[in-house]
Asker: 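Got a structure for you, written out below as structure tokens; questions coming shortly.
So you know, we letter chains A, B, ... as the sequences are listed, proteins then strands, and number each from 1. These numbers come from the heavy atoms of this one structure, side chains and all, not from hydrogens, waters or symmetry mates.
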Amino acid sequence: MGTCLKKFAAFCLVLLWPIGVINLGIAQERTYIPTRTAAGEPDLNGIWQANNNAHWDIEAHSASAGPVLVLGALGAMPGGMGIVEGDNIPYLPDALATRNEHFANRLDRDPAIKCYLPGVPRATYMPYPFQIIQGAEHIMIVHEFAGAVRTIYMNEHTAAPADSWMGWSNGHWDGNTLVIETEGFNGMTWFDRAGNHHSDALRVVERITRRSEGTLIYEATMEDPNTFSRSWTIRMPLYKRIETNAEILEFRCVEFVEDLIYGQLQK
Amino acid sequence: MVHRQLNLREIVSGMLVGVFLASGVVTEISGQAGSGDYEVPRTAAGHPNLQGFWTNQTYISLERPENVDKAFYTEEEVSALEEGRAVNESAQTTPGTIPDVHYDFTQFGLDRSQATFARNLRTSLIVDPSNGRLPRMNAEGLARAEAVAEHRSRVGRWDSAQANQLDDRCMIMRGAGPPMLNAGYNSNYQIIQNRDYVMILVEMIHDARIIPLDGRSAPPERVGQWMGLARGHWDGDTLVVNTTNINGQNPINGSSQSMTVTERFTRVSDDAIDYRFTVDDPATWDRSWTAEMPMKKTIGPMFEHACHEGNYGLYNTLVGARLEERLERETSLRERQRR
Amino acid sequence: MAMREDSNYMRMNRFCLAAIVLVIGILVTGKTSIAHHAFSAEFDIEKPMTLKGTLVRWDMINPHSWFHIDVEGESGNTITWQIEGGSPNELIRNGVTKNTVEVGTVLSIEGYLAKDGTEKAVGRNFILEDGSRLFLGGSGQKAGGGQ
């Protein structure tokens, strides 16, 4: 009788263990083991795109009218749950005032309107695809918007020789996670269309992990003592563009903005 | 390449050495695929490894010069050409002349003679037709060229941003490609590859050519791109890239949106890639033409060429042009009033 | 100014290379230096200038870098001039960084004034206090001097 009970108990344990574990709340998310590239690295290759409204405003916000009357509903800002952990960007007081001024004057001030390179991490969640191409010593991230390109130096890590729009990126693998540390920003980019901004002291640490065949988890931690009282993090999934003909097309926007920038200087 | 902080003195002496080395290096004559002995290094996917930083800088022009009718210079002739140009380029310009109204290329390392480049004994980049010159333009090409010239004669270059050249507008460089022709400076390319893609990043203006190797079909005709859309495959140890869907707005010597380009990349030594391309454009030439440009290994990095973002020059020039016009109007108004 | 054409050909050749050219029969095709024309539209060939000041900042940007130089005016005020230079990309390949030319470096500039009427110029020569030219210019040779 004792042995029978033990066997039954063991049987139940084996069968019900997963359920029990989940119910006890100590389950971990099922860990996806990414396929590997020919070089043996976790495979992040592909065309990816964010699918949220962070490009309007990375903080949680409700829908509101847009700044361009004739665009009507298509120019209005949809609501978003935000991608900032803790909901609020921890601005220093002056920087917050600047953010609000930026928002009020965003049609004049948003650098992306003028087809300027969008910076990091904004390029990641703008509503355009980008492609990750893993090479031997470099990983390239090529964005459709304005043809922005990021070189991620995987082996030779050096400091930024000079400031740039997309920053200077050094990357390494932490298990299956690609960690990218970027600095050397020129301070002229925004985080979104809502005026969220930073200085040239910005340092961004991104962590990119393949979550499934068709998704990545993307995190980015921002540090900028000129602008924020502490570091803060954004987090979102990125989705694979699985169409067989998916391709990064040109979005050479310079010619779309020449009248805007130079129009008043026409003869 | 390690970026340590160099003082100015070190940079000067370092570059002077570099100039001498660059001008003295002899590589394979373009067109001769490397000796059969070369074992090309391979990527993890088993393909020839083309990765790295490469330059196609050269003194050789696309077409054979008028008074030259042989296919190859001698070594001595090319040495004399290179040395002569180096002297020419490093010399001071004459004050009050147009070339003097410019920063000094030499100071910034932007002289061609200061660049890395492969020695090329050919008298032209074009190898077919065998006279080293472009085929004659057909009627359609000539008509289009005439229309362009006529338009240019009517529109002042400083009338607007759009009246300027594409490179002044920071839209795309002539010869960014395909085919990829050499720029006056910063004529560099970064090649990244894996099993499914080759990417060629053109330094100016950070153009990333992404070439899928998966044999996918050609794109819809309606999708025209400044650099077209490429499809690549390996032919033995040669990367073959076919580009279609070129929108024709950045022409090579009068080419049109009917242009298609086939490029072949073969690594022939540790520091050289043979780059060969064929241009087909039935709306411009009644036959195709082919050129070869040796690519030589160079160093990185390729710093972000954010041209449009820093294009103060175009803005300043337009301001200056409008100001000049206003001053002229005011001057002639005063003169009329005086009479 | 980005130079896709063979515009270096238009440099005034001070040295007589005619003999060499004839002997080897190589005619260097000179395409119009359209790029030079762009600069001579931005800056005034009739208004050469020199100034001396201290470096506030070197914007290492493309297509052309910009040097911000503080110059003391006659009445003791300080005016910040903006001087256009070349793309920094080749210098960066050779180890130059944003720390190479220190803030406060004394620089003499020979160049031409901008046509837009502001305190801008193109720097034909950037000269350090010891007379040497910035970066790869070598020493001594001044614009218009010698040969």
Asker: For the CZ atom of R252(A) and the CG atom of N250(B), what is their distance to the nearest 0.5 Å?
Answerer: 8.5 Å
Asker: Measuring only between side-chain heavy atoms, which start at C-beta, is Y262(A) closer than 4.5 Å to N164(B)?
Answerer: no
Asker: Which atoms of Q225(B) are under 4.5 Å from chain A, going by heavy atoms: the side chain, the backbone, both sets, or neither?
Answerer: both
Asker: Does any heavy atom of chain A fall under 4.5 Å from the side chain of V223(B), the backbone, both, or neither of them?
Answerer: side chain
Asker: Once rounded to the nearest 0.5 Å, what's the spacing between atom CD of E255(A) and atom CH2 of W226(B)?
Answerer: 5.0 Å
Asker: Going through the distances and angles, do I261(A) and H308(B) end up as a side-chain contact (heavy atoms from CB on, under 4.5 Å)?
Answerer: CA-CA 11 Å; I261(A) 297 174; H308(B) 166 65; 3.6 Å; yes
Asker: Between I191(B), I192(B), D207(B), who has the most heavy-atom pairs with chain A when the cutoff is under 4.5 Å?
Answerer: I192(B)
Asker: Between A146(A) and chain B, with a heavy-atom cut-off of 4.5 Å, which part of the residue counts as in contact: side chain, backbone, both or neither?
Answerer: backbone
Asker: Step through the shown structure and confirm whether more than 12 heavy atoms of other residues, nucleotides or ligands are within 6.0 Å of CZ on R195(B).
Answerer: no
Asker: Could you tell me which portion of Y315(B) (side chain, backbone, both or neither) has an atom closer than 4.5 angstrom to a non-hydrogen atom of chain A?
Answerer: both
Asker: Are side-chain heavy atoms of H206(B) and T151(A) found at a separation under 4.5 Å?
Answerer: no
Asker: So for N311(B), is it side chain, backbone, both, or neither that comes closer than 4.5 Å to the heavy atoms of chain A?
Answerer: both
Asker: Can you pull out the residues in residues 108-138 of chain A with any heavy atom less than 4.5 Å from chain B?
Answerer: K114(A), C115(A), Y116(A), L117(A), Q131(A), I133(A), Q134(A), G135(A), A136(A), H138(A)
Asker: Check whether any side-chain heavy atom of L229(B) lies under 4.5 Å from a side-chain heavy atom of L249(A), and answer yes or no.
Answerer: yes
Asker: Any heavy-atom pair between the side chains of N45(A) and D196(B) that's under 4.5 Å?
Answerer: no
Asker: What part of L201(B) lies closer than 4.5 angstrom to a heavy atom of chain A: side chain, backbone, both or neither?
Answerer: side chain
Asker: Take atom CD in Q257(B); do more than 12 heavy atoms of anything else shown fall under 6.0 Å from it?
Answerer: no
Asker: Inspect the surroundings of CD1 in I242(A) and state if more than 12 heavy atoms from other residues, nucleotides or ligands are less than 6.0 Å away.
Answerer: no
Asker: Name the region of R169(B), side chain, backbone, both or neither, that has any atom closer than 4.5 Å to a heavy atom of chain A.
Answerer: both
Asker: So how far is it from S160(B) OG to D259(A) CG, rounded to the nearest 0.5 Å?
Answerer: 8.0 Å
Asker: Sort D163(A) into side chain, backbone, both or neither according to what part of it lies under 4.5 angstrom from a heavy atom of chain B.
Answerer: backbone
Asker: Is it true that, when you exclude R152(B) itself, more than 12 heavy atoms of the residues, nucleotides or ligands shown sit nearer than 6.0 Å to its CZ?
Answerer: no
Asker: At a heavy-atom separation under 4.5 Å, does C170(B) approach chain A through its side chain, its backbone, both, or neither?
Answerer: backbone
Asker: For E309(B) and M188(A), what are the C-alpha separation, side-chain angles and deciding distance, and is it a side-chain contact (heavy atoms from CB on, under 4.5 Å)?
Answerer: CA-CA 10 Å; E309(B) 292 77 1; M188(A) 294 167 75; over 6 Å; no
Asker: Is it the case that more than 12 heavy atoms not belonging to E330(B) sit under 6.0 Å from its CD atom?
Answerer: yes
Asker: Side chain, backbone, both or neither: which part of S164(A) has an atom under 4.5 Å from a heavy atom of chain B?
Answerer: both
Asker: Could you check whether any side-chain N or O of E304(B) sits under 3.5 Å from a backbone N or O of M166(A), counting only pairs where one atom can act as donor and the other as acceptor?
Answerer: yes
Asker: Between the main-chain N or O of M227(B) and the side-chain N or O of E250(A), is there a donor-acceptor pair closer than 3.5 Å?
Answerer: yes
